[in-house]
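Along the sequence shown, residues carry numbers from 1.
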Amino acid sequence: MNRPQQQFDDLIAADERIEPRDWMPEGYRRTLIRQMAQHAHSEIIGMQPEANWITRAPSLRRKAILIAKVQDEAGHGLYLYAAAETLGVRREDLLDALHTGRQRYSSIFNYPTLTWADVGAIGWLVDGAAIVNQVPICRSSYGPYARAMVRICKEESFHQRQGFELLHTLAHGTPEQHAMAQDAVDRWWWPSLMMFGPPDAESTHGEQSMAWKIKRHSNDELRQRFVDMTVPQASALGLSLPDPSLRFEAGHWVYGEIDWDEFAQVLAGNGPCNRQRLEHRRAAHDDGAWVREAADAYAAKHEAAA
Ligand code: FAQ
């Protein structure tokens, strides 16, 4: 085995971090770019469903909280694009890959936010799932990714609590508010379970990513961890989960069959909002062209003066 490969393997075996200037196998680099870009894209596309409710938030307090949350997601996108750039890719190329459909973003953001309660359900379930998935990535073998994730997880955990508090308020409000909260949970539960990716037997990258310690746990392991954490929280909210076969067995909550055909359809671009999300993203990018031009002109002027 060649020396750089041996050094890389030793660092991984010792649970140490790979840093941008270290030698790394091309497959490791490509896997990281794929996963980090997909994650960054998810953060910025994920701003859309919740931003849909900013103008209609029921109070100034709720509006301020929601604006701050949506801004946080933009920040997460920035940390992740910056971390991906340490692997030698350009941010504009990653955005182009998103806009032309060559790279993915999370399936979850192709579902619509039909009522105000959806903002709570996203915070509680989607941010909850994101935390379960992402806390182990704080120990990912690639240094810049792991460090970005520490800050992201702190913010996601705050988001999850605000979603829980929002839903708790609705669930203990009028019968109409309770029904609205229940309806949102009914619609977001199964897509949240899909966020963890296909079952382990069908995960293309899982095994290799775990060997490289990019991922620390399999998709199914994390999905189970999320279900175990969330079922008791649903009882605390006074809401039910839309799964008649949920039962507690041998220390875990056993859940029913996930509709993997629906997941495949969403990944193929046929979810309820795929087209709308990408069209909106491309339009926002075009609208921002003048900001990028102004920033480039400013940088060029200062470089010339230096
Ligand atoms: N959606 O071989 P695997 C957030 C694809 S949280 C779409 O198992 P892997 C916070 C996968 O890319 C959401 N595609 O893949 C927020 C692959 O296809 P490819 C983002 C999916 O990478 C909250 C194929 O299926 N979080 O944004 C999905 O080992 C609220 C086979 O799958 C992250 O990205 C899916 N759900 O495991 C923001 C976390 N699942 O690329 C706003 C980091 C799988 O070969 C508001 N990522 N695919 O064409 C990960 O942990 C992993 O990438 C997984 C997938 C676990 C998502």
Side-chain angles (χ1 to χ4, degrees), residues 18-52 67 69-110 130 134 137 140-152 155-156 204-205 209 212 214 266-269 271 273-306:
I18 307 297
E19 296 297 340
R21 288 189 187 156
D22 292 336
W23 181 90
M24 59 187 83
E26 187 50 25
Y28 177 82
R29 198 180 78 89
R30 268 188 284 121
T31 299
L32 277 169
I33 293 171
R34 181 189 60 80
Q35 180 168 321
M36 289 161 75
Q38 175 169 321
H39 194 165
H41 301 330
S42 305
E43 299 284 356
I44 62 167
I45 293 272
M47 295 167 74
Q48 292 184 36
E50 289 177 291
N52 180 35
I67 291 173
K69 180 182 191 295
V70 172
Q71 259 177 351
D72 283 352
E73 310 301 357
H76 298 173
L78 289 182
Y79 308 155
L80 287 162
Y81 285 121
E85 282 180 310
T86 65
L87 291 158
V89 284
R90 294 179 339 144
R91 190 177 306 199
E92 48 267 50
D93 294 336
L94 297 180
L95 284 170
D96 191 56
L98 168 66
H99 298 155
T100 53
R102 282 178 288 121
Q103 280 176 351
R104 299 183 188 287
Y105 58 89
S106 180
S107 49
I108 192 76
F109 301 117
N110 292 306
Q134 289 166 26
I137 306 178
S140 168
S141 58
Y142 188 56
Y145 191 25
R147 288 189 287 274
M149 209 51 63
V150 172
R151 190 159 166 190
I152 292 177
E155 293 177 356
E156 299 291 27
T204 334
H205 309 283
S209 289
W212 278 328
I214 293 173
V266 174
L267 260 58
C273 300
N274 294 57
R275 281 187 53 181
Q276 182 188 333
R277 298 289 183 243
L278 267 185
E279 273 166 22
H280 189 80
R281 171 92 270 289
R282 288 191 206 106
H285 189 73
D286 293 346
D287 284 350
W290 69 273
V291 180
R292 291 188 295 278
E293 277 164 28
D296 284 348
Y298 183 81
K301 188 175 157 197
H302 282 262
E303 261 167 40

Please report the closest heavy-atom contact between [X] and [Y], naming both atoms and the distance.
X	Y	result
Ser42	Ser106	OG-N, 2.9 Å
Ala84	Val89	O-CG2, 3.3 Å
Glu50	Val70	CB-CG2, 4.0 Å
Met149	Gln134	CG-O, 3.4 Å
Ala146	Ser140	CB-O, 3.6 Å
Gln103	Ala37	OE1-CB, 3.4 Å

Side-chain contact, heavy-atom cut-off 4.5 Å: [X] with [Y]?
X	Y	result
Asp96	Arg102	yes
Glu155	Arg151	yes
Trp212	Ile18	no
His76	Ile44	no
Asp72	Ile152	no
Ile214	His205	no
Glu73	Glu156	yes

When rounded to the nearest 0.5 angstrom, what is the spacing between [atom1] in [X] and [atom2] in [Y]?
X	Y	atom1	atom2	value
Tyr142	Met24	OH	CE	4.5 Å
Asp93	Arg91	CG	CZ	12.0 Å
Tyr81	Glu85	OH	CD	10.5 Å
Leu278	Ile45	CG	CD1	5.5 Å
Leu32	Ser209	CG	OG	8.0 Å

Quick check: does any side chain N or O of [X] sit under 3.5 Å from a backbone N or O of [Y], one acting as donor and the other as acceptor?
X	Y	value
Asn274	Val266	yes
Thr86	Pro20	no
Asp286	Ala283	no

Have a look at Tyr105 and tell me which of Arg277, Glu43, His39 forms a side chain to side chain contact (heavy atoms under 4.5 Å, CB included) with it. Arg277
Take atom CZ of Arg275 as the centre, draw a 6.0 Å sphere, and report whether it contains more than 12 heavy atoms from other residues, nucleotides or ligands. no
Test side chain to side chain contact (heavy atoms under 4.5 Å, CB included) applied to His99 - qualifying residues, sequence neighbours left out: Leu95, Arg281, Arg282, His285
